[in-house]
Number of protein chains: 2
Amino acid sequence: MSSLPFDDATIRRARRIAENTPPAECDPRVEALVNDLIGRVADKWTMIILEALTEHEELRFTQLGRQVPGISQKMLTQTLRQMERDGMVTRTVHPVIPPRVDYRLTDLGQSLGAAFCGVWIWAEDNLTRVEAARAAFDNR
Amino acid sequence: MSSLPFDDATIRRARRIAENTPPAECDPRVEALVNDLIGRVADKWTMIILEALTEHEELRFTQLGRQVPGISQKMLTQTLRQMERDGMVTRTVHPVIPPRVDYRLTDLGQSLGAAFCGVWIWAEDNLTRVEAARAAFDNR
DNA sequence: CAGCATCCATTCAGATACTG
DNA sequence: CAGTATCTGAATGGATGCTG
């Protein structure tokens with residue numbers, strides 16, 4: 001327990017949250033947003049785009065696509081629109097020909113990345129444990 | 001930035017992670033696990049089951065189903081199997097008739113819940129911001 | 001009781017073609 | 001260049017029926 005990568009205040013708060021999460025106690029809007037958010041980040045492209053924009057600060061559409069190998073431009077567009085709608089990225093259209101559109105993380109988007117750092121850290125710390133559990137399960 | 005719900009060490013670590021996440025720098029197994037994990041948690045049932053088992057410690061199949069309104073028993077079974085495989089829950093079969101199967105979180109499962117507390121906190125703190133961004137976007 | 005198996009509707013994502 | 005529109009195969013999840 002004390003090996004958790006959080007300070008005591010955060011852990012206490014986590015406990016409070018965990019203990020208060022029967023649907024009745026927890027603000028349903030927060031719960032909906034969390035599900036929503038986790039679902040968003042889980043589509044896997046959002047996280048990668050977030051990383052690319054964290055690293056490069058500002059990218060245009062095609063550059064971004066190159067940073068995210070394997071993404072179709074349909075998914076790129078779609079994901080960026082969602083992120084824009086949620087206030088995670090800004091989209092700047094330059095009225096030139098050929099068109100040029102720049103994408104950049106907002107503070108909100110940056111902080112979302114930081115919020116998920118706990119999950120990254122957990123994954124780093126527990127990778128071998130999960131792999132061992134899977135191996136054990138798969139061998140009956 | 002200083003309003004993040006993390007202590008300095010965690011924030012520093014998050015930054016290090018964020019700066020080191022171009023595919024080349026980051027252990028691909030960790031990256032795969034994170035995606036995997038986030039995807040798992042994002043299916044929305046995993047998180048709710050995790051909460052139910054955090055609150056009740058030990059539950060049998062049908063009890064668990066009652067704690068998760070709206071879940072089909074197909075999804076309940078499937079999600080529990082995945083969680084068992086990943087080492088998040090233990091599954092104890094009592095050889096009695098009628099059958100009785102108890103589910104319980106492992107330490108790993110509990111710590112996963114704590115890892116996601118950062119996301120919950122972020123959602124709490126930024127709910128109004130996201131809602132405002134969406135409203136603004138939807139009105140053109 | 002605790003599932004597994006099957007069927008079915010809906011969603012989703014990739015590929016392709018087209019446009020200002 | 002930065003998209004939009006359309007089609008299609010694949011994956012998802014719910015409902016139902018059956019079993020030890």
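Treat the numbers as computed from the prediction; the structure is a model and nothing was measured. Every chain is numbered from 1, with letters handed out A, B, ... down the list of sequences.
- If you measure from atom CG of L76(A) to atom P of dG3(D), you get 8 Å, rounded to the nearest angstrom.
- Between R29(B) and L127(A) there is a side-chain heavy-atom pair separated by less than 4.5 Å.
- Using a 4.0 Å cut-off on heavy atoms, the residues of residues 83-103 of chain A that approach DNA chain C are P99(A), listed by number.
- Counting to the nearest Å, the P atom of dG3(D) and the CG atom of L80(A) are 8 Å from each other.
- Using a 4.5 Å cut-off on side-chain heavy atoms (C-beta onward), V101(B) and T92(B) make no contact.
- Side-chain N/O atoms of Q78(A) and base N/O atoms of dT4(D) include no donor-acceptor pair closer than 3.5 Å.
- Paired with L64(A) under the rule side-chain contact (heavy atoms from CB on, under 4.5 Å), one option of T79(A), I71(A), L76(A), I48(A) passes, and it is L76(A).
- Spacing between atom CD of Q73(B) and atom P of dA15(D) amounts to 10 Å, rounded to whole angstrom units.
- Between F116(B) and V119(A), some side-chain heavy-atom pair lies under the 4.5 Å cut-off.
- For the pair I71(A) CD1 and dG14(C) P, the computed distance is 8 Å after rounding to whole Å.
- Taking 4.5 Å as the limit, every side-chain heavy atom of L59(B) sits out of range of all side-chain heavy atoms of D102(B).
- The nearest heavy atom of DNA chain D to T77(A) and to G70(B) marks one nucleotide each, and the one closer to the 5' end goes with T77(A).
- Counting heavy atoms from C-beta on, the side chains of I49(A) and M83(A) come closer than 4.5 Å.
- Remark: the backbone N or O of M88(A) is paired with a side-chain donor or acceptor of T106(A) at under 3.5 angstrom.
- For the pair R91(B) and L80(B), the minimum side-chain heavy-atom distance is 4.5 Å or more.
- Under the 4.5 Å side-chain criterion, counting only non-hydrogen atoms from C-beta, Y103(A) is not in contact with T90(A).
- Put simply, T62(A) has a side-chain N or O that comes within less than 4.0 Å of OP1 or OP2 on dA2(D).
- Atom CZ in F61(B) sits roughly 7 Å away from atom P in dA2(C) (whole-Å rounding).
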Under 4.0 Å protein heavy-atom contacts per nucleotide of nucleotides 7-12 of chain C, with B for base, S for backbone only and - for none: ------
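- Here the side chain of R81(A) is nearest to one of dT4(D), dG14(D), dG14(C), namely dT4(D).
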